Asker: 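If you scroll down you'll find the structure; I have some questions about it.
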Amino acid sequence: PNCDYPPLYMYFLSIFSILPFGRVVEASGSWNAYYYYENLMYYVKTLTFIFEIIFAIFAYKIVKKVSGSKIAGCTAYSLFLFLPTVIINGAVWGQCDICYSTMLLISTYYLMEKKQIRSMVFFGLGLAFKLQVVFLLPLFGFAWFRKSFKLRYFLIALGVTILTFVPLW
């Protein structure tokens, strides 16, 4: 309850905390003692790295689709993974910004592919990570203006976001 991270990110961190790495530690909670694996910080940062790889894959797909060049897609993939800001934000600080950014990029990719429901699912997951995803709303407004997107699809995003809070409740 005393955490600034969204529940969806905390679910992922909880899953990583029970992976069998490190030594077993006994801790006492408010009800009774429980055991967990004391993971080193780089195990937790693995989650960030996984999202960086997924982001790079979708960056490749989008650039390849727009440019028609596999080389341009590979360049986007490689450049993203080696940007100093990406390395510092994820590997050094272990921030979860890449998690919602990945969801936004996937949402954008599916919007380009005219798969609006999938796009809204990932937009909702991004919203469950961080509220900053609302900055992508003008893109959906533009798609709605071009008659390739229906506003009722936002209910899907809202539903997905609410579903991520159910285990917490």
Side-chain angles (χ1 to χ4, degrees), residues 4-16 19 43-168:
D4 290 339
Y5 289 110
L8 185 58
Y9 186 65
M10 294 305 295
Y11 302 151
F12 282 120
L13 289 181
S14 296
I15 291 168
F16 271 71
L19 292 177
Y43 288 120
V44 174
K45 291 179 183 180
T46 301
L47 176 63
T48 304
F49 181 67
I50 291 168
F51 276 100
E52 288 171 0
I53 297 294
I54 295 169
F55 187 99
I57 290 168
F58 277 90
Y60 164 83
K61 288 182 170 191
I62 288 175
V63 171
K64 183 180 175 222
K65 180 175 179 60
V66 170
S67 69
S69 169
K70 202 172 187 180
I71 293 173
C74 289
T75 303
Y77 177 92
S78 302
L79 282 176
F80 173 77
L81 284 180
F82 295 107
L83 283 172
T85 53
V86 172
I87 294 170
I88 290 171
N89 198 26
V92 176
W93 294 334
Q95 296 294 310
C96 71
D97 296 332
I98 192 65
C99 300
Y100 83 87
S101 301
T102 301
M103 296 302 134
L104 287 182
L105 193 68
I106 296 171
S107 178
T108 303
Y109 173 76
Y110 283 125
L111 187 65
M112 291 171 64
E113 292 287 322
K114 299 196 183 341
K115 296 179 180 177
Q116 292 86 2
I117 293 174
R118 286 186 189 178
S119 177
M120 285 292 98
V121 166
F122 285 102
F123 185 80
L125 288 173
L127 189 59
F129 274 112
K130 229 169 186 183
L131 192 57
Q132 278 88 338
V133 299
V134 298
F135 292 118
L136 195 67
L137 288 177
L139 177 65
F140 293 107
F142 180 73
W144 173 76
F145 184 72
R146 294 186 66 203
K147 309 268 192 253
S148 62
F149 182 80
K150 294 181 174 42
L151 291 178
R152 68 175 179 248
Y153 289 138
F154 279 114
L155 293 175
I156 296 168
L158 182 62
V160 167
T161 303
I162 291 171
L163 278 176
T164 63
F165 283 85
V166 168
L168 178 70

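Both backbone and side-chain heavy atoms feed into the values below; hydrogens, waters and symmetry mates do not. Source: prediction; values computed, not measured.
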Asker: For Tyr100, what residues pass the ring pair (Phe, Tyr, Trp, His ring centres under 6.0 Å) criterion, not counting sequence neighbours?
Answerer: none

Asker: Check step by step if side-chain contact (heavy atoms from CB on, under 4.5 Å) holds for Phe123 and Leu137.
Answerer: CA-CA 10 Å; Phe123 185 80; Leu137 288 177; 3.7 Å; yes

Asker: Just grab all the salt bridge (charged side-chain N to carboxylate O under 4.0 Å, His left out) pairs involving residues 119-129, residues at least two apart or on different chains.
Answerer: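 The answer is none; no pair qualifies.
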
Asker: Rounded to the nearest 0.5 Å, how far apart are SG of Cys99 and CG of Leu47?
Answerer: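 Answer for the SG-CG pair, Cys99 versus Leu47, is 5.0 Å.
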
Asker: State, to 0.1 Å, how close Phe135 and Pro138 come at their nearest heavy-atom pair, and which atoms those are.
Answerer: O-CD, 3.4 Å

Asker: Quick one: side-chain contact (heavy atoms from CB on, under 4.5 Å) partners of Arg152, sequence neighbours excluded?
Answerer: Lys150

Asker: Nearest 0.5 angstrom please: Gln95 CD to Lys45 NZ, how far?
Answerer: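 Going from CD on Gln95 over to NZ on Lys45, the span is 9.5 Å.
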
Asker: List the residues meeting ring pair (Phe, Tyr, Trp, His ring centres under 6.0 Å) with Phe154, not counting sequence neighbours, and say none if there are none.
Answerer: Phe140, Phe149

Asker: What distance do Phe142 atom CZ and Leu111 atom CG have between them, rounded to the nearest 0.5 Å?
Answerer: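 Going from CZ on Phe142 over to CG on Leu111, the span is 10.0 Å.
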
Asker: Not counting sequence neighbours, which residues clear side-chain contact (heavy atoms from CB on, under 4.5 Å) with Leu168? List them please.
Answerer: Pro7, Tyr11, Phe165

Asker: Could you pull out all residues at least two apart from Ile87 that satisfy side-chain contact (heavy atoms from CB on, under 4.5 Å)?
Answerer: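 side-chain contact (heavy atoms from CB on, under 4.5 Å) list for Ile87, sorted by chain: Ala91.
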
Asker: Quick one: CG on Leu79 to SG on Cys74, what's the gap to the nearest 0.5 Å?
Answerer: 11.0 Å

Asker: Is the Tyr9 to Phe51 ring centre distance short of 6.0 Å?
Answerer: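 Tyr9 vs Phe51: aromatic centres not under 6.0 Å.
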
Asker: Residues two or more places apart in sequence or in another chain: which of them pass side chain to side chain donor-acceptor pair (under 3.5 Å) with Ser119?
Answerer: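 With sequence neighbours excluded, Ser119 shows a side chain to side chain donor-acceptor pair (under 3.5 Å) to Ser107, given in chain and number order.
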
Asker: Using every non-hydrogen atom in the two residues, find where Leu163 and Pro167 come nearest and quote the distance to one decimal.
Answerer: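 Leu163 and Pro167 have their closest heavy atoms at O-CD, 3.6 Å.
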
Asker: For the CG atom on Leu151, are there more than 12 heavy atoms of other groups (residues, nucleotides or ligands in this structure) within a distance under 6.0 Å?
Answerer: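 More than 12 heavy atoms, drawn from other residues, nucleotides or ligands, come within 6.0 Å of this atom.
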
Asker: Any pair with a residue in residues 73-84 that passes salt bridge (charged side-chain N to carboxylate O under 4.0 Å, His left out), sequence neighbours left out, goes on the list, sorted by first then second residue, please.
Answerer: none

Asker: Please output the side-chain donor-acceptor pairs of residues 52-67 that fall under 3.5 Å, not counting sequence neighbours, one pair per line with the distance.
Answerer:
| from | atom 1 | to | atom 2 | distance (Å) |
| --- | --- | --- | --- | --- |
| Lys65 | NZ | Glu113 | OE2 | 3.3 |
| Ser67 | OG | Val63 | O | 2.7 |
| Ser67 | OG | Ser69 | N | 3.2 |

Asker: Evaluate side-chain contact (heavy atoms from CB on, under 4.5 Å) for Tyr153 paired with Trp144, printing each intermediate quantity in order.
Answerer: CA-CA 11 Å; Tyr153 289 138; Trp144 173 76; over 6 Å; no

Asker: Got Val86 and Leu81 here, is their nearest side-chain heavy-atom distance under 4.5 Å?
Answerer: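 A side-chain contact under 4.5 Å is absent here.
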
Asker: Out of curiosity, Phe122 CZ to Thr102 OG1, how far, rounded to the nearest 0.5 Å?
Answerer: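 Rounded to the nearest 0.5 Å, the CZ-OG1 separation comes to 10.5 Å.
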
Asker: Run the side-chain contact (heavy atoms from CB on, under 4.5 Å) check on Ile98 and Asn89 step by step: do they pass?
Answerer: CA-CA 8 Å; Ile98 192 65; Asn89 198 26; 5.8 Å; no

Asker: Within a strict 4.5 Å, meaning less than it, do heavy atoms of the Leu136 and Thr108 side chains meet?
Answerer: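 Touching, per the 4.5 Å side-chain cut-off.
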
Asker: I need the minimum non-hydrogen distance between Val160 and Gly124, along with the two atoms involved.
Answerer: CG1-C, 3.9 Å

Asker: How would you list all residue pairs meeting salt bridge (charged side-chain N to carboxylate O under 4.0 Å, His left out) that involve residues 76-86, not counting sequence neighbours?
Answerer: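 Sorted pair list comes back empty.
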
Asker: Can you run down the salt bridge (charged side-chain N to carboxylate O under 4.0 Å, His left out) pairs that involve residues 97-112, sequence neighbours left out, and say none if there aren't any?
Answerer: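 Qualifying pairs: Asp97-Lys130.
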
